[in-house]
Amino acid sequence: MASQNRPFHVFLFPFMAHGHMIPVSDMAKLFAAQGVKTTIITTPLNAPTFSKATRSRKTNSGGIEIEIKTIEFPSLEAGLPEGCEILDSLPTPELLYSFFKAAGLLQEPLERLLLEDQPTCLVADMFFSWATDAAAKFGIPRLIFHGTSFFSLAASDCVGRYEPFKNTSSDSEPFVIPNFPGEIKMTRAQVPDFVKYNIENDLTPLIKHAKEAEVRSYGIVVNSFYELEPVYADYFRKVLGRKAWHIGPLSLCNRDNEEKAYRGKEASIDEHECLKWLDSKKPNSVVYVCFGSVAKFNNSQLKEIAIGLEASGVEFIWVVRKGKDDCDVGKEDWLPEGFEERMEGKGLIIRGWAPQVLILDHVAVGGFVTHCGWNSMLEGIAAGLPMVTWPVSAEQFYNEKLVTQVLKIGVGVGAQKWWIKVVGDCVMREAIEKAVTQIMVGEEAEEMRSRAKGLAKQARRAIEKGGSSHSDLNALIEELSSHR
Ligand code: UDP
């Protein structure tokens with residue numbers, strides 16, 4: 001049992017994927033800034049990412065040092081290549097299950113650390129469903145981090161529970177999510193396969209156990225702020241009966257350019273060069289296009305994006321990820337003839353990894369084309385930007401509905417189908433041009449931007465002393481302190 005007179009000590013255990021590790025780095029800074037002893041548990045090859053991301057906090061803010069402890073990742077044992085310790089280093093999507101298998105073997109080493117350190121609480125990723133039982137062995141409360149919104153957590157619960165897609169006659173016929181506030185519409189094609197097809201595959205037990213662990217855990221930590229989705233935060237807590245604390249937007253703890261520029265990976269562009277390019281542009285004139293750390297598009301889709309962007313006449317920064325398949329940026333045959341020459345000075349292509357938060361926060365950026373990963377969406381909201389929504393996989397279609405149907409700060413590009421292999425729908429150039437123009441130019445764009453700016457202000461207030469997220473974080477620390 002954690003003893004009463006030990007200092008409050010939080011263990012953070014993120015899943016090994018950028019979309020999960022980045023917000024946990026920020027969460028570590030947040031806890032440390034409250035004077036809480038904070039330890040991140042990760043694997044050896046991922047440790048430098050955390051030490052670099054949390055480094056400036058030790059020296060700049062007077063917060064306490066964040067400790068990083070490692071446990072070996074059994075890549076070879078699970079049939080992965082040596083050194084494959086993060087999701088985006090998977091050589092083929094078929095190895096996804098092996099990656100989860102390796103992650104599933106981490107229970108024993110984690111238990112050893114829990115026994116050794118006896119932390120006050122463990123915040124572990126949703127994919128480590130077994131962490132609830134591991135922590136319970138030592139009387140340690142386990143909290144879950146999903147990395148998504150109240151809206152998505154609650155919407156996916158209702159869609160799974162009531163199965164409204166069964167009452168539609170086609171994949172494209174819309175249904176309204178039952179017993180859920182706001183008359184939210186979506187289609188069967190947009191519901192994840194594992195929910196609608198009742199298929200048993202290697203990942204089915206993982207999802208089932210994650211759901212069970214959610215109910216048995218101490219509670220849920222949510223990267224969101226109350227003012228963004230009050231109806232859904234209340235619904236999640238009061239109607240679905242989940243104990244949850246909102247402590248976001250986590251990315252807002254990165255205040256200076258150095259912190260904003262390093263987000264889990266070295267950027268593929270010099271940050272000063274990137275800022276200089278943006279400094280030469282008018283306010284709200286540039287659209288930022290990026291699809292997160294996992295989603296991939298094939299060459300023909302990349303070409304449609306290029307042509308759509310050019311036709312919109314809007315200046316842009318476009319991030320194209322390096323991949324090992326046919327969208328390998330090394331081949332360059334995805335660009336229309338003479339594209340980069342024509343776009344010189346108007347468009348900047350970043351091949352690889354962009355300093356996203358630094359870019360989104362620049363005054364020249366006026367809109368965001370996003371795959372609707374929750375970190376990206378919240379970073380876009382915190383920057384006050386209207387968005388073109390282009391969901392691909394995971395819970396991204398739910399996130400899209402929040403932005404387009406509830407907050408009304410975005411327009412859908414028309415992505416229709418949920419993909420397990422995170423490869424993306426085929427969206428034609430005309431749709432891309434239209435959506436980009438809609439969020440960047442004209443009265444509708446101005447209205448969306450002004451609503452988004454309002455939310456950005458509320459986001460900043462939420463994390464300041466006395467704000468809703470700051471207060472909820474303190475309430476969590478207080479409750480867990482007295483729980484000991
Ligand atoms: N990101 C970044 N540079 C890139 C691509 C992504 O900094 O070129 C960051 C982005 O700011 C966000 C995270 O990676 O914090 C991606 O998380 P998200 O939930 O948006 O999507 P995922 O990668 O999990 O699909």
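Just so you know, ligand 1 is whichever comes first in the structure, and atom 1 is the first atom listed for that ligand.
At most 12 non-hydrogen atoms from other residues, nucleotides or ligands lie less than 6.0 angstrom from NZ of Lys185.
Ligand 1 places these atoms under 4.0 Å from at least one heavy atom of Gly292: 5 (C), 23 (O). Close contacts of ligand 1 with Trp374, meaning ligand atoms under 4.0 Å from a residue heavy atom, involve 19 (O). Atoms of ligand 1 found under 4.0 Å from any heavy atom of Arg263 (numbered from 1 in listed order, with element): 7 (O), 15 (O).
Scanning the protein for heavy atoms near atom 19 (O) of ligand 1, the closest one is Asn375 ND2, 2.8 Å. The single protein non-hydrogen atom nearest to atom 11 (O) of ligand 1 is Glu379 OE1, 2.6 Å, given as residue, atom name and distance. Looking at atom 24 (O) of ligand 1, its nearest protein heavy atom turns out to be Gly19 CA, 3.4 Å. Distance from atom 14 (O) of ligand 1 to its nearest protein heavy atom, with residue and atom name: Ile22 CD1, 3.4 Å. Of the protein's non-hydrogen atoms, the one nearest atom 20 (O) of ligand 1 is Ser376 OG, 2.5 Å. Among protein heavy atoms, the minimum distance from atom 8 (O) of ligand 1 is reached at Ala354 N, 2.8 Å. In this structure, the protein non-hydrogen atom closest to atom 23 (O) of ligand 1 is Ser293 OG, 2.5 Å.
Annotation: His18 places no N or O atom under 3.5 Å from an N or O atom of ligand 1; distance criterion only. The N/O atoms of Val319, backbone and side chain alike, include none that comes under 3.5 Å of an N/O atom in ligand 1.
With distances taken over non-hydrogen atoms, the option nearest atom 4 (C) of ligand 1 out of Trp353, Phe15, Phe291 is Trp353.
Looking only at side-chain heavy atoms (C-beta outward), Ile439 and Met448 come within less than 4.5 Å of each other.
Separation of the Phe145 and Phe127 ring centroids does not fall under the 6.0 Å cut-off. Centroid-to-centroid, the aromatic rings of Phe150 and Phe225 stay 6.0 Å apart or farther. Checked against the 6.0 Å centroid threshold, Tyr235 and Phe180 count as a close aromatic pair. Ring centroids of Phe15 and Phe99 are separated by less than 6.0 Å, placing the two rings close together. Ring centroids of Trp318 and Trp334 are separated by less than 6.0 Å, placing the two rings close together.
The only option from Arg342, Lys303, Lys346 that meets the salt bridge (charged side-chain N to carboxylate O under 4.0 Å, His left out) definition with Glu310 turns out to be Arg342.
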Start with the C-alpha distance between Asp234 and Arg237, add both sets of side-chain angles, then the distance that settles salt bridge (charged side-chain N to carboxylate O under 4.0 Å, His left out), and finish with yes or no. CA-CA 5 Å; Asp234 289 348; Arg237 289 175 171 128; 5.1 Å; no

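Note on ligand 1: Cys290 sits in its first shell, one or more heavy atoms being nearer than 4.0 Å. Residue contacts with ligand 1: His371 is included, with a non-hydrogen atom under 4.0 Å away.
Ion pairing of Lys457 with Glu227 is absent here, as no side-chain N (NZ or NE/NH1/NH2) approaches a carboxylate O to less than 4.0 Å.
Looking at Met377 against ligand 1, nothing comes within 4.0 Å, counting heavy atoms.
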